[in-house]
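What follows is one structure encoded as structure tokens, with my remarks underneath.
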Amino acid sequence: MPELDKTYLPAEVEPRWYQRWLDDKCFEADPSRVSEKRPAYSIVIPPPNVTGILTLGHVLNNTIQDILARRARMQGKEVLWLPGTDHAGIATQNVVEKTLKKQGVIKHRDDLGREGLVAKIWEWKEKHGGIIIEQLKKLGASCDWSRERFTFDDDYNACVMRVFVDLYQKGLIYRGKRMVNWCPSSLTALSDEEVVMKAQNAIMYHFKVEVVEEPGTWLEIATTRPEVIPGDTAIAVNPKDERYAHLIGKNVRRPLPVENQALLPIVADEHVDFTFGTGVLKVTPAHDKADFEIGQRHDLPVIDVMHPNGTLNELAGKDLAGMERFAARKRAAELLAEIGSLVKEEPYQNNLGYSERADVPIESRLSEQWFLKYPSVKESQDVVANGEMKFHPDRWAKVYDHWMTGLQDWCISRQVWWGHRIPVWYRGEETYCGIDAPKGEGWEQDPDVLDTWFSSWLWPFATMGWPEKTSTLKAFYPTTDLVTGPDIIFFWVARMIMAGFEWMGELPFKNVYFTGIIRDKQGRKMSKSLGNSPDPLELIASYSADALRFGIMRSAPLGQDICFDEKNVELGRNFCTKLWNAARFRQMQGGATETEIDPALLSSDDKWILLRLNTAIDEVSAALDEYRFSDATASLYRFFWSEYCDWYVEASKAVLQGSDEKRKANTLAVIDFVLGQTLRLFHPFLPFITEELWHGMGFNQDMPENQGGNSLMFAPWPKPLDADELAHFGLLPEDEKAANDKYETVVLGRGLKSTFNINKKVRFVLQPNQELPAHEVEVLRLLLNAEPLEVDAAFTPTKGTPSALTPLGTIFLPLDGLIDVEAERARVGKELAKAEAELEKVAAKLADTNFTSKVPQKVLDEHQQRKTDWQEKLAKLREMLAALG
RNA sequence: GCACGGAUAGCUCAGCGGUAGAGCGUCUGUCUUACACACAGAUGGUCGGGGGUUCGAAUCCCUCUCCGUGCACCA
């Protein structure tokens with residue numbers, strides 16, 4: 001066995017193993033290996049933005065995927081974890097444009113023109129685009145990098161084109177002039193999903209207009225947007241509103257622009273809520289979705305008073321033209337005041353749509369865009385509702401169902417340049433849609449590109465060679481699990497399901513695991529602007545990738561947001577150190593790996609740890625089956641640290657420090673068995689250190705090449721001992737109790753020492769209530785740090801000797817006058833008081849016939865037993881108190 | 001406004017009808033030859049408020065409050 005370094009050096013170990021895995025092609029999936037005996041397991045990565053850098057969100061998400069993939073490999077499955085990046089249309093173009101502007105290369109995108117800018121972005125992508133991929137490798141992600149895809153690759157682009165044309169021919173894609181969400185910052189249309197509502201402190205302006213036909217009759221109108229008054233083309237009231245019904249059909253004079261106070265008709269529309277505001281609504285069809293619809297119903301003209309970038313245009317009048325929209329709002333209010341129209345201004349809270357990406361208020365704007373009626377809606381909705389596709393946690397199924405029920409057509413065109421160009425050409429009145437440009441002269445391609453998500457929704461199959469019926473698709477589609485954040489359930493998950501049914505005729509994945517959202521200690525979302533998002537790479541540098549993985553898994557309960565605390569990463573690091581040192585301890589005992597366990601030589605401690613290992617294997621396996629990652633880490637942590645290190649290793653020293661070579665070898669065999677199983681259990685969580693130890697301890701040596709001989713990655717996932725094996729080792733459930741009783745005795749003995757502030761080796765006397773084999777006594781002595789431990793059934797303590805009741809008998813700490821009798825009396829008194837209180841509680845319950853007559857026998861027995869236990873304890877405590885004099 | 005999730009020890013969370021738990025933190029000891037990134041011991045909670053069901057409620061039901069999220073949205 002080679003010697004392990006005194007300290008673990010992850011900075012050296014982690015890159016070394018990652019390179020080795022790559023060299024050995026450990027991550028590469030081969031569809032030809034898939035068979036009944038070797039089922040496929042597949043995940044497609046949620047492709048990070050190509051411009052992105054690793055965040056804690058990515059760490060969480062990808063660690064989970066890696067755990068699932070690595071465990072599947074250990075379960076003997078053929079695993080494909082397919083990686084790649086997203087071209088992220090608007091986001092990437094913004095980033096590159098900004099950078100170019102900063103560098104002084106351009107002042108405006110028009111300086112380069114469409115082709116020039118796209119070329120620059122490609123250049124930029126080639127140079128900086130792969131950063132996040134390299135970062136994922138640092139984390140240990142076991143993706144099949146030979147299959148890395150990019151949503152803007154030529155092949156992928158072909159898939160997108162094909163899908164567009166297909167939908168166009170099916171009549172599901174259409175072009176139309178509609179009210180859309182317009183981002184005045186990015187200068188493009190957005191889908192409804194890209195708009196987030198935010199609460200605003202606004203001002204409600206009340207102004208009045210005179211009814212032309214009835215001089216002296218004034219209508220008061222409330223608005224938050226006086227700057228678009230020049231775009232008003234009617235006034236609407238509810239026909240059922242008695243206050244105004246008689247005015248319908250008459251006219252008012254629009255106050256702005258001052259130089260063009262047009263006449264506006266008063267129309268009747270049911271949409272107007274007469275309990276809101278003044279009950280009179282100004283109708284601005286060009287700048288509000290609801291108003292646009294009213295306009296359509298009443299055949300009103302549409303006056304667009306705004307430029308695409310949010311400044312007011314000439315139609316807004318000389319006073320407002322050229323002004324930025326918020327400045328224009330103030331100015332418009334001033335103008336209303338100047339002409340005596342303004343009645344009042346009052347503070348008002350409302351919700352406003354913001355562009356998710358640019359974080360500016362969007363404008364509703366009439367424009368010519370492409371829309372999609374979603375395909376395969378019913379299958380997609382049903383597959384989740386009937387449980388064929390499972391969401392974890394399943395409450396997201398309801399959210400999904402709700403969205404699927406109220407689907408609105410998807411605005412898929414974007415007025416940017418970085419993206420898949422819409423495959424439609426125009427020549428005069430002619431329109432052509434096809435994958436390739438039409439033949440003939442004079443055709444012009446539609447200038448718009450497609451929403452990024454219009455390519456992402458094809459990810460599960462477009463990455464596997466679709467539309468060809470590739471062996472990869474046959475073997476790995478549908479994928480097994482999808483791991484993603486709930487924030488993109490509509491953007492991505494729902495749309496992938498629909499695409500899956502539409503083009504593959506099948507669901508794209510069987511399970512969706514939704515991670516929580518990472519928050520800081522104060523419960524705030526991680527964000528760049530708050531500066532509360534730690535850099536994962538710095539965390540890796542100071543704690544190791546394994547530590548980061550463990551720390552984040554430990555704090556990620558199913559279905560809840562994650563409260564990130566660097567302490568957890570520190571704890572992960574400490575855990576790795578513990579693992580390392582436990583392995584070193586084994587090595588210091590010398591000898592080769594022991595593989596044969598002799599059942600006849602097993603101590604109670606050996607049996608105990610083997611049974612605890614069984615439990616741990618069960619718990620971890622069950623937790624992983626149910627995506628309860630934090631539970632899995634908790635089980636591992638408890639088993640290895642509290643049970644194996646704190647109890648078993650310490651107890652085993654009784655044998656290891658002895659002279660019985662046979663028993664020593666047997667103990668080492670148990671240790672080697674437990675450590676080997678432990679490394680396997682830990683591998684999905686801590687791939688690097690476990691691989692290093694697997695080889696460092698020589699556990700790989702007697703494994704078949706492809707089942708752990710070469711890499712722990714392919715060692716079989718541990719199975720608990722079955723009934724036959726348990727019988728072979730003579731392991732019975734009560735064996736756990738034997739060791740537990742011993743350990744409890746130790747705890748009580750240590751308690752005595754601590755109470756009396758003894759921190760040296762000291763004499764203990766145990767008055768046993770059963771026969772104790774020498775081994776047990778030796779373990780007790782060692783763990784109590786007793787010198788000596790006397791076992792004496794006839795022991796008569798001197799007055800005032802501290803003692804404790806243990807499952808193995810009474811343990812005494814004879815201190816020969818050293819103790820403070822008063823303190824000991826207080827201590828025993830306290831325990832006695834507790835026993836009395838508990839006894840009283842149980843006794844009271846048992847005395848209540850209401851209780852005894854209605855309770856099941858089992859509960860009754862439990863209470864009876866508890867009563868007897870407390871009674872006995874109480875009696876002994878009274879004796880102890882009496883002995884103190 | 002509608003829906004969902006959460007409120008348990010200082011912190012993060014488990015328990016989801018039968019004696020309130022874990023880890024971390026805090027405090028006190030200890031360099032006990034694997035590990036001070038450690039070991040040992042201790043401290044700490046009327047389980048958000050109110051009501052109900054039950055022999056018995058942290059756990060089930062109703063209601064309120066607060067935090068978070070999604071959807072809808074009226075100028």
Side-chain angles (χ1 to χ4, degrees), chain A residues 4 6-8 197 204-205 221-225 236 271-284 288 290-291 294 348 350-351 353 393 395-396 398-399 402-403 405-406 486-487 489-490 516-517 519 521 523 525 543 547 554-555 557 559-565 567-568 570-589 630-631 633-634 637-638 641-642 645-646 649-650 653 657 746-747 750-755 757-761 782-785 838 841-842 845 848-856 858-860 862-863 866 869-870:
Chain A
L4 295 174
K6 176 132 202 271
T7 49
Y8 175 54
M197 301 305 281
M204 183 70 90
Y205 300 89
I221 304 172
T223 181
T224 53
R225 303 202 63 189
H271 168 78
V272 181
D273 175 357
F274 49 79
T275 64
F276 186 87
T278 60
V280 183
L281 174 68
K282 69 185 204 56
V283 184
T284 326
D288 184 278
D291 287 9
I294 296 176
Y348 180 70
N350 65 345
N351 288 320
R395 66 188 151 86
W396 293 108
K398 210 168 177 180
V399 175
H402 183 240
W403 188 74
T405 304
D487 47 335
I489 186 169
F490 311 136
I517 291 165
R519 299 175 179 281
K521 273 191 275 186
K525 247 181 168 169
Y543 297 104
R554 215 182 108 82
S555 45
Q560 259 173 241
D561 284 357
I562 289 113
C563 178
F564 181 80
D565 185 342
K567 280 257 178 241
N568 278 319
E570 197 183 322
L571 190 126
R573 189 257 333 250
N574 295 354
F575 191 81
C576 290
T577 306
K578 190 76 179 174
L579 193 56
W580 187 259
N581 282 311
R584 280 182 62 230
F585 173 77
R586 162 62 187 96
Q587 276 203 327
M588 289 173 67
Q589 308 309 315
S630 64
D631 288 348
T633 54
Y637 190 94
R638 189 213 60 234
W641 201 307
S642 311
C645 290
D646 288 349
V649 170
E650 294 307 321
K653 287 177 182 171
Q657 290 170 6
V746 170
V747 168
R750 284 170 177 169
L752 284 179
K753 271 176 93 170
S754 172
T755 311
N757 231 350
I758 313 283
N759 44 44
K760 297 217 174 74
K761 279 190 194 278
L782 202 69
L783 296 184
L784 279 168
N785 202 20
E838 291 293 336
K841 253 201 301 197
V842 191
K845 265 182 150 180
D848 185 356
T849 49
N850 217 350
F851 174 78
T852 49
S853 61
K854 289 186 182 169
V855 137
K858 196 182 142 227
V859 176
L860 199 60
E862 263 170 34
H863 279 75
R866 212 187 300 160
D869 289 351
W870 281 119

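The structure displayed is predicted, hence computed values, not measured ones. Lettering of chains follows the sequences in order, A, B, ..., and the numbering in each one begins at 1.
- With C73(B), G18(B), C74(B) as the candidates, the nucleotide lying closest to the side chain of D273(A) is C74(B).
- Pairing partner, C2(B): G70(B), with both Watson-Crick or wobble hydrogen-bond distances short of 3.5 Å.
- Atom P of nucleotide U30(B) and atom CZ of R750(A) are separated by 16 Å, given to the nearest angstrom.
- Summarising the base pairing, A7(B) is matched to U65(B) through a Watson-Crick or G-U wobble pair whose two defining distances lie under 3.5 Å.
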query: When you look at K282(A) and T284(A), which way does the side-chain hydrogen bond (donor to acceptor under 3.5 Å, both in side chains) test go after all the steps?
result: CA-CA 6 Å; K282(A) 69 185 204 56; T284(A) 326; 3.0 Å; yes
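- Between the OH atom of Y8(A) and the C1' atom of C35(B) there is a distance of 16 Å, rounded to whole Å.
- Contact annotation for K653(A): base contact, defined as any heavy-atom pair under 4.0 Å involving a base atom.
- In terms of modelled atom types and a separation under 3.5 Å, the side chain of R573(A) and the main chain of N568(A) share no donor-acceptor contact.
- The distance from atom CH2 of W641(A) to atom P of A34(B) is 16 Å, rounded to the nearest whole Å.
- U59(B) is unpaired under the criterion used here, namely a Watson-Crick or G-U wobble arrangement in which both key atom distances are under 3.5 Å.
- Between the side chain of K578(A) and the base of C35(B), at least one donor-acceptor pair of N or O atoms lies under 3.5 Å.
- Comparing C35(B), A75(B), U33(B) against the side chain of M588(A) picks out U33(B) as the nearest.
- Looking at K854(A), its side chain never comes within 3.5 Å of a backbone N or O of T849(A) through a donor-acceptor pair.
- Listed nucleotides: U19(B), C24(B), C55(B). Nearest to the side chain of E838(A): U19(B).
- As judged by a 4.0 angstrom heavy-atom cut-off over every strand, D631(A) is placed among residues making no nucleic acid contact.
- Distance from the side chain of T577(A) is smallest to C35(B) among A38(B), C35(B), C24(B).
- Relative to the six-membered ring of F564(A), R519(A) misses at least one condition, a distance below 6.0 Å or an angle of at most 45° to the axis.
- Among the nucleotides C74(B), C55(B), C4(B), the one closest to any side-chain atom of N850(A) is C55(B).
- Nearest heavy atoms, A547(A) versus C576(A): N-SG, 4.4 Å.
- Within the shown strands, nothing qualifies as a pairing partner of G45(B) under the Watson-Crick or G-U definition with both distances less than 3.5 Å.
- Residue R395(A) places no side-chain atom within donor-acceptor reach of the base of C4(B), judged by atom type and a 3.5 Å distance cut-off alone.
- Nearest nucleotide to the side chain of R573(A), out of C37(B), G18(B), C73(B): C37(B).
- With A75(B), C73(B), A34(B) as the choices, the nucleotide that has an atom nearest any side-chain atom of N351(A) turns out to be C73(B).
- With a 3.5 Å ceiling on both atom-pair distances, A34(B) lacks any Watson-Crick or G-U wobble partner.
- Within 4.0 Å (heavy atoms only), I517(A) reaches no atom of the nucleic acid at all.
- Distances from the side chain of K854(A) to the nucleotides C55(B), U19(B), A38(B) place C55(B) closest.
- Distances were taken from every side-chain heavy atom of K567(A) (C-beta onward) to each of G41(B), C71(B), C24(B); the shortest belongs to C24(B).
- For the pairing with N785(A), the side-chain hydrogen bond (donor to acceptor under 3.5 Å, both in side chains) check across K760(A), K761(A), R750(A) returns one residue only, K761(A).
- Relative to the side chain of T223(A), the nucleotides A72(B), A75(B), G18(B) differ in distance, and A75(B) lies closest.
- Across all strands shown, C39(B) pairs with G29(B); the Watson-Crick or G-U wobble distances both stay below 3.5 Å.
- Taking only distance into account, the side chain of Q589(A) never meets the base of A34(B) through a donor-acceptor pair shorter than 3.5 Å.
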